[in-house]
Amino acid sequence: MREMKSILFVITLSVISHWLTFCSPKQVIMAPELDEEALKAKAREIHDRVLTVDTHSDTPSLMLRKEWNIGERHEPGQRRSGKIDLPRMAEGGLDAEFFVVFVGQGERTLEGYTRAKERATVLFDAIHKMCKDYPHLVELAISPEDAYRLEKQGKRAAFIGMENGYPIGKDLSLIEEYYNRGIRYITLCHSSDNDICDSSTDERNPEDNGLSDFGKEVVAECNRLGIMVDVSHISDKSFFDVLEVTKAPVIASHSSIRPLCDHPRNLSDRMLKALAANKGVVHICFVSQFVKKAKPNPDREKALAQLREKYGSWSEVRDENIREKMREEYMDILEKYPMEKATIEDLVDHIDYVVKLIGVDHVGIGTDFDGGGGVEGCDDVSELPHITEELLRRGYSEEEIQKIWGGNLIRVFRKVIEIAKTVGA
Ligand SMILES: [Zn+2]
């Protein structure tokens, strides 16, 4: 009888589990809209609970515009609104932003280095001014602990990264000077080769010479000071050369995945595996053309070719005013011949890809807002919670979401500081 009972029990269990497996999804879910609402609410809770860090934004260049004020809310979707301001950061639940001091590559001469240093100074001043103007909203952050402390206070953390090592010129001592002004990472180069290393996109000089001897010294100095080395933009050989010499984990502050979107700016499987071995993190970039290849449009291509003819390629335009004009005309062209934008689903596919290949400990978010970043469904900082919704929809746990949204970056940041203590000693 006991045996009979237990057999019956097992049969009942298997019937229930069969029912749960095959029938429950359709019968238990009441109304899809309700479920979507519940998912959004849960996503927002998680989004607000975890530390959210974006490792790359070009917003400091907007801070220089007279008619634009980072302390005011600008309506999303307007051309001159920009993608980030302090009110929208709060709306989008973004706790920490790496604002970048970006200097486009110019002549590798003494005069060029001086100009680059001046431009960097203007951008440093703009970021520091923001913190001075809005002390109740934002504070300069220089350590992982700052980010957690400010999150608790409900203030935004403003970290600083330097995009392009060009303002270092040939003077290693400047790295410490920039560190003292707040930088905590350096993207070694931008779209052209420089004295530190070769770029992934230098059309004029396609030969890949990797990291220079001076570049090796730059990496060593970053390791000594506790500055994260950023491998975004750099060529494949530069990337592997950096991994060979760095004593600390590195980050890619804004790079996507090459097998999903074939572009030299994106990382290959081999690079991702090497990054995992280095214990580093790739922060997925929101620039649509790095997320999904747009369908070709001959009229648009023609207009863009004419723009290049008029001004030269982006990397050739040195003058900031001319760059601004070029950017405006570029936007005009895109308005006239809109490019099909990648979607948030396409973007999260890149996160999934990294997670499947090398694990959830090696991926983060680097929007490149105000530097070209923005996809359908997440086009400005106020829409960042949509990323968390999509992650939750795909079955990511809170712990995993926490890692993606900043936990991984903080792990690298702490390790870089810890190693600096031993290297500098
Ligand atoms: Zn960039």
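Heavy-atom basis, side chains included; hydrogens, waters and symmetry copies ignored. Every number for a ligand or one of its atoms is a count from 1 in the order of the listing.
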Relative to the Zn ion (ligand 1), which of the N, O or S atoms in E163 is the closest?
-> OE2
Would you say D368 has an N, O or S atom lying under 2.8 Å from the Zn ion (ligand 1)?
-> no
pair F290-I257: side-chain heavy atoms closer than 4.5 Å | no
Output field: ring centroids F369/F286 closer than 6.0 Å | yes
When you check the side-chain N and O atoms of T187 and D230, is any donor under 3.5 Å from an acceptor?
-> yes
Measuring to the Zn ion (ligand 1), does H233 have an N/O/S atom at a distance below 2.8 Å?
-> yes
Going from CD on E163 to CG on L123, what distance comes out if it is rounded to the nearest 0.5 angstrom?
-> 11.0 Å
From the Zn ion (ligand 1) out to just under 2.8 Å, does an N/O/S atom of H254 turn up?
-> yes
